[in-house]
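Okay, so here's the structure we're looking at.
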Amino acid sequence: MSVVVPYGDGLYYDARPTIAILSEGQSGGALDLNGYFGLHPALASVFPLWQNKTLGFVHACGSPDPTRSHFDAQNFMECGTPGNPSTPDGWMNRLLSVLPGAHAPTQAVSLGPVLPRIFQGKMSVSNVSLGKNSAHAMPIDRPMVESALNELYNGDDPLSQAYMQGQQARKQLMSYLQQHMDMASQGAPSPNGFTDSARRLAQLMNDDPNIQLVFLDLGGWDTHINQGSVKGQLAGHLTGLGDGLAALVNGLGANYNDTVILVMSEFGRTFHENGDAGTDHGHGNAMWIMGGATKGGVIQGRWPGLDADSLYEGRDLAVTTDFRSVIAAVLQQHMHLNDEQLSVVFPTIPKADTPLNIT
């Protein structure tokens, strides 16, 4: 509710006396979206995407599971099976398994030092970091180590095949990154952070047409203390997020027209601010949908309201749209999955309260 702000409801300001985002029309206030909702002003860099109708939101979205544990909620969202902790793989790995055609080593790319739950499973996924040391050599790149591993894993068994595919993908991605680092070295160094990573990701996607699926995780959103309003802790993180997304869109160029970007979190925050000028673990949230061919400029989903009877467990924004319904709509309308393929990705997909129009 600090990202897509219900500034048209006075209950919002009653519940958050020190951390609410100022109303639209006030200096430094929310950027008007539709006369009731506004965008946090720290996200001004992506506001033009709303205006050109390539950015939209699904509000009161999230998981139906009641957990307030970060670990459990993230696990359920990445596995795509809320309430079932025993699911062995992530929904993006299952998605990779149903995509048609030959699977290139770089078809799916995870950005970060560790392969996340969402990409774990039987399908091979490339794992690469896009930080300032992304193209630096690792122990596996040392000739003696690489030679020993190549000799050890040179068979037709699944482990050897996984190793060889991983090495091929790493070499290909590192080659692209090094090319761009060499070109940039003649000028000022690129800034650190998500914006820099987003630019590099756009370069990778433009250079390698095999890349179809990408996942990136950003932290720092657990604002129990001193959350801030139009400025402060949360605003600083939102500025970085917005600037990075804007850089990704700009970097993709024409490829943005064939790309859908989803931004989601495991749960929202409590409706009322706490005694430490922050918010605690909540329930309903807002999911972002971006893409050159998406039907943006609208806020989808059924808004449940903020009165006491409408709040989940009397404290949180209720969930009226299951996150799987949004992803399923993207997979059907953008990636053209049929019902059989979709059932592999999500064994259960609750029907959305209102139809979701993605593209």
Side-chain angles (χ1 to χ4, degrees), residues 1-62 218 220-221 223 226-246 249 261-265 267-273 277-279 282-291 294-307 310-312 316-321 326 354 356-357:
M1 283 182 284
S2 290
V3 173
V4 181
V5 184
Y7 73 82
D9 193 328
L11 293 173
Y12 167 73
Y13 294 97
D14 294 339
R16 298 186 173 193
T18 70
I19 65 171
I21 309 306
L22 297 175
S23 178
E24 183 274 337
Q26 298 188 50
S27 177
L31 305 172
D32 182 50
L33 297 177
N34 65 359
Y36 180 89
F37 290 107
L39 190 67
H40 194 296
L43 293 168
S45 56
V46 296
F47 188 57
L49 302 176
W50 169 272
Q51 294 174 311
N52 70 19
K53 301 188 186 306
T54 66
L55 165 64
F57 302 93
V58 180
H59 220 324
C61 185
L218 297 175
W221 309 102
T223 52
N226 297 328
Q227 178 172 305
S229 176
V230 296
K231 294 182 179 180
Q233 181 184 178
L234 178 61
H237 290 314
L238 290 177
T239 297
L241 174 61
D243 290 353
L245 290 170
V249 171
I261 303 165
L262 295 178
V263 181
M264 61 189 200
S265 185
F267 42 57
R269 311 294 294 185
T270 49
F271 177 45
H272 293 83
E273 68 176 78
T279 51
H283 196 51
N285 205 351
M287 184 181 286
W288 310 26
I289 306 172
M290 303 169 58
T294 61
K295 294 181 179 178
V298 295
I299 298 173
Q300 302 190 64
R302 180 176 65 83
W303 180 246
L306 299 175
D307 59 278
S310 300
L311 295 178
Y312 176 75
D316 304 321
L317 179 67
V319 170
T320 62
T321 301
V326 181
T354 57
L356 298 170
N357 297 311

How close do [X] and [Y] get, heavy atom to heavy atom, and via which atoms?
X: A235; Y: A42; answer: O-CB, 3.4 Å
X: V326; Y: C61; answer: CG2-SG, 3.9 Å
X: T54; Y: T294; answer: O-OG1, 3.5 Å
X: T279; Y: Q227; answer: OG1-OE1, 2.5 Å
X: M1; Y: L317; answer: CE-CB, 4.2 Å
X: P41; Y: I21; answer: CD-CG2, 3.7 Å

Candidate pair L49 and L245, rule side chain to side chain contact (heavy atoms under 4.5 Å, CB included), full reasoning: CA-CA 10 Å; L49 302 176; L245 290 170; 5.8 Å; no
side-chain hydrogen bond (donor to acceptor under 3.5 Å, both in side chains) against D316, all qualifying residues, sequence neighbours excluded: R68
Do [X] and [Y] touch side chain to side chain, with heavy atoms closer than 4.5 Å?
X: W288; Y: I261; result: no
X: V5; Y: L39; result: no
X: W221; Y: L241; result: yes
X: L33; Y: F47; result: yes
X: D32; Y: Y7; result: yes
X: Y312; Y: P304; result: no
X: Y36; Y: D9; result: yes

Nearest-0.5 Å distance that lies between atom CG in L234 and atom OG1 in T239: 9.0 Å
From CZ (R269) to CG (N285), nearest 0.5 Å: 10.0 Å
Whether W303 and F37 hold their rings parallel, tilted or perpendicular, with breakpoints at 30° and 60°: perpendicular
Sub-3.5 Å donor-acceptor pair from the side chain of [X] to the main-chain atoms of [Y], do we have one?
X: H237; Y: G220; value: yes
X: E273; Y: T18; value: yes
X: S45; Y: G242; value: yes
X: E24; Y: G38; value: no
X: S310; Y: L306; value: no
X: H40; Y: S229; value: yes

Pair R16, S2: side-chain N/O donor-acceptor within cut-off below 3.5 Å: yes
Any residue meeting ring-ring contact (aromatic ring centres under 6.0 Å, His included) with F267, in chain and number order, not counting sequence neighbours: H70, H281
Step-by-step side chain to side chain contact (heavy atoms under 4.5 Å, CB included) determination, F57 to V263: CA-CA 9 Å; F57 302 93; V263 181; over 6 Å; no
Candidate pair I289 and L55, rule side chain to side chain contact (heavy atoms under 4.5 Å, CB included), full reasoning: CA-CA 6 Å; I289 306 172; L55 165 64; over 6 Å; no
Those residues that, when tested against T354, pass side chain to side chain contact (heavy atoms under 4.5 Å, CB included) (two or more places apart): R302
